[in-house]
Engineer: 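Got a structure for you, questions after.
Computed from a predicted structure; not experimentally measured. The chains referred to below are lettered A, B, ... by the order of the sequence lines, with proteins before strands, and numbering in each begins at 1.
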Protein chains: 2
Amino acid sequence: MISLDANSSPTPEELPPEIDGLRMTKQRREVFSVVLAERDHPTANDVFSRSQKRMPTISLATVYNCLEALVSHGLVRQVNFEREPSRYCPNLSDHCHFQDEKTGTIHDVVFKEGVNLADFLELPQGTEVSHLEISLKGQIGSN
Amino acid sequence: MISLDANSSPTPEELPPEIDGLRMTKQRREVFSVVLAERDHPTANDVFSRSQKRMPTISLATVYNCLEALVSHGLVRQVNFEREPSRYCPNLSDHCHFQDEKTGTIHDVVFKEGVNLADFLELPQGTEVSHLEISLKGQIGSN
DNA sequence: AGCAATAATTGGAATTATTCTAATTCGAAG
DNA sequence: CTTCGAATTAGAATAATTCCAATTATTGCT
Ligand SMILES: [Mn+2]
Ligand SMILES: [Mn+2]
Ligand SMILES: [Zn+2]
Ligand SMILES: [Zn+2]
């Protein structure tokens, strides 16, 4: 289990050689550590440029490959806002996303204690939900 | 106010020359009537091919332009599932979307009586939500 | 260690939904 | 009827993402 402490995210070297059955290659560790390092929901391109600092030879294709591997193994979440480029989120707890229309900044939003989906949606009974995405946009109360 | 009765949607000719301050050109009426005709959440391309039946000279660019005009005037909703092409929905009531992973079919899902956003989300106080999108994927209980 | 098999990485090309551009056409208003 | 801003059009451009084929790295044997 990877620590998500706000003030100390693992360097690539600190990540184990395998997580959850996923082989952690040098590139995957780099990409994962970049996603873990900041909670700003970077795009693939953001991850690419940040990764290049430590690993100048990494390619954008590899960043996409690594992100896809991490997402499909449940280590990272992919976040979408309308037709904008996908963003990546290291927060695996149940949450959704709010984008400040002024700045573009994305904030994690958690569900209130003990609420669950079926409680507020009129879902056709027997429905098995495998994926849920809630995206909000608006303004932060600034006054 | 446009009728949304399941079994009689307006033909282009039946639509007025202006709705809500939006000038309804021949093409906009055609596109709007196509979106109103079926509740299957067509993509821009779907709308294009359906429109071409009645109006063979309409262009894809125009379909995009018309959909954009209709969406920004609140007459049609734009619906997104992850990175898939946008879809368009004539249902203006408060609802969200469920996509059957088997068939790709999209179903409208309504909120239970009297629930409201702030009731289940831990939103930073003072937040003004201007846009909300909830997208679900999964399987319909088939047994 | 040496070797074969397998998986990951890479640069560049391809894909594709959508947007842009510049020219033409339309239509409301006078 | 003319004018003029708005809408439509065909086609080019854009941009995020995926694909491809070649190279490189890693794993699992002997
Ligand atoms: Mn997702
Ligand atoms: Mn929307
Ligand atoms: Zn998040
Ligand atoms: Zn809908």
Engineer: Does a side-chain N or O of B:R83 approach OP1 or OP2 of C:dA17 to a distance below 4.0 Å, or not?
Structural biologist: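 It does not, given that no N or O in the side chain of B:R83 lies less than 4.0 Å from OP1 or OP2 of C:dA17.
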Engineer: Going by distance alone, is a donor N or O of one side chain under 3.5 Å from an acceptor N or O of the other, for B:T43 and B:D46?
Structural biologist: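 Side chains of B:T43 and B:D46: pair found under 3.5 Å.
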Engineer: Is any NZ, NE, NH1 or NH2 atom of the basic residue among B:R77 and B:E133 found under 4.0 Å from an Asp or Glu carboxylate oxygen of the other?
Structural biologist: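 Judged by the 4.0 Å cut-off on N to carboxylate O distance, B:R77 and B:E133 do not form a salt bridge.
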Engineer: Looking at residues at least two apart in the chain, or sitting in another chain, which of them share a ring pair (Phe, Tyr, Trp, His ring centres under 6.0 Å) with A:H95?
Structural biologist: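 For A:H95 the ring pair (Phe, Tyr, Trp, His ring centres under 6.0 Å) partners, ignoring immediate neighbours, are A:H97.
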Engineer: Once you apply a heavy-atom cut-off of 4.0 Å, does B:T43 come out as touching a base, just sugar-phosphate, or nothing?
Structural biologist: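 No contact.
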Engineer: Please write out each protein N/O paired with an N/O of nucleotides 6-10 of chain C under 3.5 Å, distance rounded to 0.1 Å.
Structural biologist:
from, atom 1, to, atom 2, distance (Å)
C:dA8, OP1, A:R28, NH1, 3.3
C:dA8, OP1, A:R28, NH2, 3.2
C:dT9, OP1, A:T25, OG1, 2.5
C:dT9, OP1, A:Q27, OE1, 3.2
C:dT9, O3', A:Q27, NE2, 3.0
C:dT10, OP1, A:Q27, NE2, 3.4
C:dT10, OP1, A:T57, O, 3.2
C:dT10, OP2, A:S59, N, 3.3
C:dT10, OP2, A:T62, OG1, 2.5

Engineer: With a 4.5 Å limit on heavy-atom distance, are the side chains of B:V31 and B:T62 in contact?
Structural biologist: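 Side-chain contact under 4.5 Å: no.
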Engineer: For the pair made of CD in A:Q78 and C1' in D:dA16, what is the distance, rounded to whole Å?
Structural biologist: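 Atom CD in A:Q78 sits about 12 Å away from atom C1' in D:dA16.
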Engineer: Within this structure, what is the CZ-OG distance for the pair A:R28 and A:S33, rounded to the nearest 0.5 Å?
Structural biologist: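 Taking CZ in A:R28 and OG in A:S33, the distance rounds to 14.5 Å.
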Engineer: How long is the span from the CG atom in A:N45 to the OG atom in A:S86, to the nearest 0.5 Å?
Structural biologist: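 Rounded to the nearest 0.5 Å, the CG-OG separation comes out at 12.0 Å.
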Engineer: So, is A:S86 near the phosphate of D:dA16, with a side-chain N or O under 4.0 Å from OP1 or OP2?
Structural biologist: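 Checking D:dA16 against A:S86, no side-chain N or O comes under 4.0 Å of OP1 or OP2.
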Engineer: Output yes when at least one side-chain N/O atom of B:Y64 is less than 4.0 Å from OP1 or OP2 of C:dT19, else no.
Structural biologist: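 So the side chain of B:Y64 is outside the cut-off, no N or O lying under 4.0 Å from OP1 or OP2 of C:dT19.
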